[in-house]
Amino acid sequence: MEETVQTAELEDKVEPVAEAATTISVAGAQPSIAPDADSDQLKVTLGEFEGPLDLLLYLIRQEQVNIYDIPVARITDEYLRYLNLMQELDLTVAGDFLVMAAQLIELKSRMLLPRDPLAQEEEIEDPRSELVYRLLEHEKFKAAAQMLWSRATVEQAVFKRAEIETDTNNPEVAVGLFDLLRVFQQILARHKEEIMMEIEREEVTMAEMIDRLRNMVRSAGELNLMKFFERAQSRRELVVAFLSVLELVRLSEISLLQRETFGDIMATPVIPTPA
Amino acid sequence: MSPKAEAAVEELEAEPLDSSDAEVESTREIGATELKAIAEALIFVADEPISAKTIADVVKVDREAVETAIAELVEEYNTRNGALQLREIAGGWQIATRPEHHEQIRAYLRSRPSAKLSLASLETLAVIAYKQPVTVPEILEIRGVQSPSAIKTLLDKRLIIAKGRKETVGRPMMYRTSKEFLIQFGLKDLSELPSMEDFQDLAGGETQ
Amino acid sequence: MSPKAEAAVEELEAEPLDSSDAEVESTREIGATELKAIAEALIFVADEPISAKTIADVVKVDREAVETAIAELVEEYNTRNGALQLREIAGGWQIATRPEHHEQIRAYLRSRPSAKLSLASLETLAVIAYKQPVTVPEILEIRGVQSPSAIKTLLDKRLIIAKGRKETVGRPMMYRTSKEFLIQFGLKDLSELPSMEDFQDLAGGETQ
């Protein structure tokens, strides 16, 4: 099954879950599917669980065990039962959950290993301590998220004054680094659209253009594609030039090379390897 | 304010508004003090002068009650004699500064932090940042629009500098980003600019 | 001081000193009452929180004097107990409505509470707020799940900004919270966030 549940499949998937909810559950929690608010993907949520740490925390609370003394074997079994349940329900188990499963199984086997009899008592580190630390950290951040949520709620009840005259002669936007990149991408997209929209009579055929490119690359040994594109007389010709580059790359006659990010792209002839 | 009135205010405030209901309940009595506060809040947030009638409609009370509340507010603003006034203009009410301090206000508006850029300037800056060194005709080619004033703004704000001429028709000036650009965007050097890959990592969903 | 004497002092202070002398105009003494009024006017016209330092620079007085003036203004706003509050946010001062009347304001503006962040985005934001500057792999380590779409949402909402790269394998971008974050969450500055230890008790013991 694919990573994302397609919208079309949603109806098929939701029903069995809703039915199953009354009968199948692990440790009292039931899974559900919901559209992710942040994207158009559908997200599989197991109860309230955002990820494997959430699920683990839940199981630990449910089993009423001490977080500093986790019975690894028992919790691992519960965890795996849960993943099985997901698969039974034909839900995609996110990779993060599987990684945690592997870590738990490893931890479980390490707990079974006899301790080094020569090691000093204080030198023996509990193999669970890293996991415990991660769980506690995770829970703290969950609490912090709750705090942010309540702050935002209060803040949404506070209003600033409406725009006044003095604001309008200052139509500016605050800028961050990613704004710069986004804006640049927008320009490129806009540019591309303009090129696509122009339909003219053919001046140079594709075959002619491919020949031209092939000759230029061969004679120069290395061709700056920017230079090649700059020769184009019209937008249409530019498109043909671009397509011919793609074509020669596809035919493995040339290869493209960019020595640095955002640097010029160079085309070089591919030396045919003797068969 | 009399102790009695003060107690009434406290009572009103202690009483929670019906937060579960999105619609403002018309049945609940709205006291004079509360009405005054709501009127002030609405005048403050409205983006144009707001009439007593509009306020009355929102709060679902008589227009007369609103007019009384506003009259009291005007009196309060005048008595307080602060920087703000409540004034009637174009058939509505508005909060504005008094004329006395226009000099300082203008001085402030002129001195406003200049780290901000118009969209045109931002676009031009983006092209220069990612394609430097680059000439005006090349920027025009990429952006699809002329950007002379944007380039002037960027030069004024010292975000870009002219650096040599391109050996091509007309020998146009080449532009690149300045040290000030690095400082303002918190970059150690240009290699710290986010790349298309950084962006795709976020957009595409897969990291590592 | 008798009420009468107090009024006299205020009158004196309101009256500009040395107004006849053009030479000393820029260094003209500004009385406490006038400074208070100018500070209020500037806070009102500024379209984002304005710092005491900015006001001091515009009016050409000590920052301490501005701070005293603002403290008095805050006191006045609180005593008056109207619809508006003067509050410190994101390192500056701002006039805003009190939360009490949000229903009527929303009804008038026809606005809805803007979409809340998803739990995933909030958790990611919490990690960034407390661990900043922090990279995507580090966030993954803490949250236990990939959060690229959450980070993109936070960037789109301008709650976080990219700031440089970490000198480690892959030179990942580092992220930190923005000024907009302080504004949207009603924080004076980052130190106003409850400390991580405050959440300790919660984590160690039983929840729910």
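The chains referred to below are lettered A, B, ... by the order of the sequence lines, with proteins before strands, and numbering in each begins at 1.
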Sub-4.5 Å side-chain heavy-atom contact between V158(A) and H102(C): no
E130(A), CD: over 12 other non-hydrogen atoms inside 6.0 angstrom: no
Donor-acceptor pair, side chain of R134(A) and main chain of E141(C), under 3.5 angstrom: yes
4.5 Å side-chain heavy-atom contact, Q146(A) and E123(C): no
Minimum heavy-atom distance between D47(C) and K160(A), given as atom pair plus value: O-NZ, 3.9 Å
L117(C) side chain reached by W149(A) side chain, heavy atoms, under 4.5 Å: no
Heavy-atom pair with the smallest gap, counting every atom of A145(A) and A126(C): N-CB, 3.9 Å
Stacked cation flag R161(A) on F44(C), 6.0 angstrom / 45 deg: yes
L53(A) side, atom CG; I142(C) side, atom CD1 - distance, nearest 0.5 Å: 10.5 Å
For chain A, the option from L193(C), L84(C), T124(C), L187(C) that forms the most heavy-atom pairs under 4.5 Å: L187(C)
Electrostatic pair E139(A):R143(C) at N-O distance under 4.0 angstrom: no
Closest non-hydrogen atom pair, A157(A) against T97(C): O-OG1, 4.1 Å
F199(C) and K142(A), any side-chain heavy atoms less than 4.5 Å apart: no
Nearest-0.5 Å distance that lies between atom CZ in F181(C) and atom CG in L148(A): 5.0 Å
Shortest non-hydrogen separation from R151(A) to G186(C) and the atoms involved: NH2-O, 3.0 Å
Residue K131(C) versus chain A: region with a heavy atom under 4.5 Å: side chain
Heavy-atom pair of closest approach, residues K140(A) and M196(C): CD-O, 3.6 Å
Spatial distance of atom NE2 (H101(C)) from atom CZ (F159(A)) [nearest 0.5 Å]: 12.0 Å
Straight-line distance of L125(C) CG to F141(A) CZ, nearest 0.5 Å: 11.5 Å
